[in-house]
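Numbers restart at 1 for each chain; the letters A, B, ... are given by sequence-line order, proteins then strands. Side-chain atoms are counted along with the backbone in the values below, which use heavy atoms only and exclude waters and symmetry mates. As the structure is a prediction and not an experimental result, all values here were calculated from the model.
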Protein chains: 2
Amino acid sequence: MTENQPLFRALADPTRRDILLMLRGTDLTIAQVADNFDMTRAAVKKHLTVLSDGGLITVRAQGRERYNTLNPNAFAPIKDWLSFFDAFWDARLDDLKSAIEKDAQ
Amino acid sequence: MTENQPLFRALADPTRRDILLMLRGTDLTIAQVADNFDMTRAAVKKHLTVLSDGGLITVRAQGRERYNTLNPNAFAPIKDWLSFFDAFWDARLDDLKSAIEKDAQ
DNA sequence: TTGACATGATACCATTTGGTATTATATCTA
DNA sequence: TAGATATAATACCAAATGGTATCATGTCAA
């Protein structure tokens, strides 16, 4: 149940979340991503490694460049985890509903 | 766009995610939560503070005890953030679909 | 009132994390 | 081939993080 840790960790940094948004639609090299931030290429590369470890992106080598691509299935584990709470909310609403109905009698 | 940071940060720790699962259905005091972990009450309290900062739980005082309650609206900001990618996936599928159709001609 | 109990607050510590700087390697291009 | 470019790898640093220990405060119950 804790195998999601690299994924949750990857999303915990604002720079990395921005990178993900940036990768919607286009694949970008490390240098291209780094151009959008006020930090070193090396720092950006570290973030990309964390994103890769979390399964959020995949890296494709092309010559001396590395294109970073958003992984379409990336968020499935998070959505699954969030769904563990849906049943609870439903039950809560049911409780509320029956309480109201009982009150209306 | 970065006001979600406390929320994402709160979810980045496995202990805190376990606490959230634990709070489905029942409200628990700090001591009750701490009984489920191999760490100090103080450490658990810190985690609960982070969860509270992230808007994931609310704390209700009752006598000398503090009951921690899961916040029903907790995950809405995350779901909203994840939805920023849905349009992209859809567009990707549309691209794929039209490519296939074109190929079939 | 007094002692036990639940929590709050603080100081402190080791590890992780986000970042830089530097050097090395590979690849494109003139 | 030589130089420029894109990335890799490593060492290093400051700050944040997860944890403990300790002491203070408030509340329950006899």
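Within the 4.5 Å cutoff, side-chain heavy atoms of A:Thr15 are placed close to those of A:Ile19. Looking only at side-chain heavy atoms (C-beta outward), A:Leu20 and A:Ile57 come within less than 4.5 Å of each other.
Ring pair A:Trp81/B:Phe75 is perpendicular by interplanar angle, where above 60° counts as perpendicular and below 30° as parallel.
Taking side-chain N and O atoms only, B:Arg9 has no distance below 4.0 Å to OP1 or OP2 of D:dA16. Here A:Thr40 does not reach the OP1 or OP2 of C:dG19: none of its side-chain N or O atoms lies under 4.0 Å away.
Atom pair A:His47:NE2 and C:dT20:C1' shows a separation of 12 Å (rounding to whole Å applied). Between the CZ atom of A:Phe37 and the P atom of C:dG18 there is a distance of 13 Å, given to the nearest Å. In this structure, CZ of A:Arg17 is placed 14 Å from C1' of C:dG18, rounded to the nearest angstrom. Across the protein-nucleic acid pair, B:Leu48 atom CG and D:dG19 atom P stand 12 Å apart, rounded to whole Å. Atom CG of B:Asp38 and atom P of D:dG18 are 17 Å apart (whole Å).
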How far apart are the C-alpha atoms of B:Asn68 and B:Leu48, what are their side-chain angles, what is the distance that settles it, and do they pass the side-chain contact (heavy atoms from CB on, under 4.5 Å) test?
CA-CA 8 Å; B:Asn68 299 272; B:Leu48 290 169; 3.7 Å; yes
Show your working on side-chain hydrogen bond (donor to acceptor under 3.5 Å, both in side chains) between B:Thr69 and B:Asp27 and close with a plain yes or no.
CA-CA 5 Å; B:Thr69 308; B:Asp27 301 350; 3.1 Å; yes
Take A:Leu28 and A:Tyr67, measure what side-chain contact (heavy atoms from CB on, under 4.5 Å) needs, and give me the verdict at the end.
CA-CA 5 Å; A:Leu28 297 176; A:Tyr67 281 90; 5.8 Å; no
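Mapping A:Gln62 and A:Asp13 onto DNA chain C by nearest heavy atom places A:Asp13 closer to the 5' end of the strand. Nucleotides of DNA chain C nearest to A:Gly63 and A:Val44 differ in position, and the one nearer the 5' end is that of A:Val44.
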Can you give one letter per nucleotide of nucleotides 6-14 of chain C, going 5' to 3': B for a protein heavy atom under 4.0 Å from the base, S for sugar-phosphate only, - for none?
SSS--B---
